[in-house]
Amino acid sequence: MKNRVSLSLLAILVVALASFAFISSKPSTATSEHGIKWLTFEEVAKLQKKTKKKIVMDVYTDWCGWCKRMDATTFSDPTVGEYVNKNYYALKLNAESKKLIKFNGKEMTEQELAARFGVTGYPTTVYLDENMEILSPVSGYLDVKQFTNVVKFYGENHYKSMNFEQFVQSAK
């Protein structure tokens, strides 16, 4: 009887530790083999001086389950990675971080930048034009198809001639 109780407690402990490790893990800023190549703010600032591109910014929090899911599915998808890496610079922004960054020549925390973009829910993907001006924040989890539609809508400048619903209809 004691052995069963001990084994049960050990099993519960293992499950609890595994769950804690998953919940507390941060979204990775590393590049998966075929996914989006995430850059630092410093890297983007240097690259923008050479070749201007639009920016896609993943705004997340450490505790956000849907943020982790988007990292594991949408952002690691090879077709998403190929398109984003070719047409955008990609950034991650922890909306609760006090880490100082330099954005458009101004120093601020990541938390302040998220607030400046009006982000109130997570995940949110923020799209910026080549001059680092905000095009739109898009709130919520997006699967591969949804994200691909949005990233192409802004990446191919369709937003200049039609609304998103018209773009989705024309893409069918």
Side-chain angles (χ1 to χ4, degrees), residues 16-77 80-81 83-155 157 159 164:
L17 288 173
S19 298
F20 177 78
F22 175 76
I23 290 169
S24 65
S25 67
K26 293 181 180 178
S28 172
T29 56
T31 304
S32 72
E33 187 176 329
H34 301 288
I36 293 175
K37 180 181 180 190
W38 299 105
L39 303 169
T40 66
F41 281 85
E42 295 80 16
E43 289 170 327
V44 169
K46 286 180 186 175
L47 290 168
Q48 281 288 52
K49 290 178 182 174
K50 294 178 185 174
T51 306
K52 288 194 176 251
K53 285 187 181 181
K54 290 182 180 70
I55 294 171
V56 60
M57 187 180 305
D58 173 35
V59 184
Y60 70 95
T61 63
D62 291 336
W63 50 263
C64 171
W66 287 108
C67 300
K68 293 174 191 344
R69 172 129 183 175
M70 208 159 156
D71 272 339
T73 58
T74 306
F75 295 150
S76 64
D77 183 84
V80 167
Y83 185 85
V84 170
N85 296 337
K86 179 180 177 185
N87 296 286
Y88 287 86
Y89 295 126
L91 289 168
K92 283 198 167 285
L93 182 77
N94 183 339
E96 296 180 329
S97 173
K98 303 286 187 194
K99 177 182 173 190
L100 286 175
I101 55 167
K102 199 170 208 177
F103 181 78
N104 269 352
K106 297 177 185 165
E107 193 170 86
M108 64 188 78
T109 67
E110 290 186 45
Q111 184 178 43
E112 290 169 334
L113 184 56
R116 181 175 164 194
F117 290 144
V119 175
T120 57
Y122 312 102
T124 293
T125 312
V126 176
Y127 296 87
L128 306 172
D129 69 12
E130 295 85 351
N131 297 313
M132 312 270 287
E133 297 295 325
I134 191 164
L135 295 171
S136 180
V138 177
S139 297
Y141 171 83
L142 301 173
D143 64 23
V144 170
K145 184 176 181 176
Q146 294 166 325
F147 182 80
T148 299
N149 280 337
V150 178
V151 83
K152 286 184 176 183
F153 177 69
Y154 290 110
N157 295 320
Y159 70 95
F164 184 69

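Side-chain contact between Phe75 and Lys92: present, with at least one pair of heavy atoms (C-beta onward) separated by less than 4.5 Å. Considering only heavy atoms from C-beta on, Phe147 comes within 4.5 Å of Val56 through its side chain. Side chains of Val126 and Leu91 form no contact here, defined as non-hydrogen atoms less than 4.5 Å apart. Side-chain contact between Val150 and Thr125: absent, with no pair of heavy atoms (C-beta onward) separated by less than 4.5 Å.
Using bins of under 30°, 30° to 60° and over 60° for the plane-to-plane angle, the ring pair Phe103/Phe117 lands in the perpendicular bin. Note: Tyr141 and Trp66 have tilted aromatic rings, judged against thresholds of 30 and 60 degrees for the angle between ring planes.
Note that CG of Asp58 is 6.5 Å distant from CE of Met70, once rounded to the nearest 0.5 Å. To the nearest 0.5 angstrom, Met57 atom CE is 10.0 Å from Trp38 atom CH2. Interatomic distance, CG of Leu128 versus NZ of Lys53, reported as 14.5 Å (0.5 Å rounding). Separation of atoms CD (Glu112) and NZ (Lys106) is listed at 12.0 Å; rounding is to 0.5 Å. If you take OH on Tyr60 and CD on Glu96, they are separated by 10.0 Å, rounding to the nearest 0.5 Å. Note that CG of Leu93 is 10.0 Å distant from CD of Gln111, once rounded to the nearest 0.5 Å.
Just one residue in the list Val84, Ile36, Asn87 forms a side-chain contact (heavy atoms from CB on, under 4.5 Å) with Val151, and that residue is Val84.
Glu110 places no side-chain N or O within 3.5 Å of a backbone atom of Lys98 that could act as its donor or acceptor partner. With Thr74 contributing its side chain and Leu142 its backbone, the two residues share a donor-acceptor pair below 3.5 Å. Without hydrogens or angle criteria, Asp143 side chain to Lys145 main chain gives a donor-acceptor distance under 3.5 Å.
More than 12 heavy atoms of other residues, nucleotides or ligands sit less than 6.0 Å from atom NZ of Lys52.
Scanning all heavy atoms of the two residues, the minimum distance from Tyr88 to Ile55 falls at CD2-C, 3.6 Å. The minimum heavy-atom distance between Ser139 and Thr124, with the atom names listed, is OG-OG1, 3.5 Å. The minimum heavy-atom distance linking Leu100 with Glu107 is given by the pair CD1-OE1, 3.6 Å. Smallest separation of non-hydrogen atoms from Ala95 and Val59: CB-CG1, 3.7 Å.
In this structure, Lys54 is not positioned above the aromatic face of Tyr127 in the sense of NZ or CZ being under 6.0 Å from the six-membered ring centre and within 45° of the axis.
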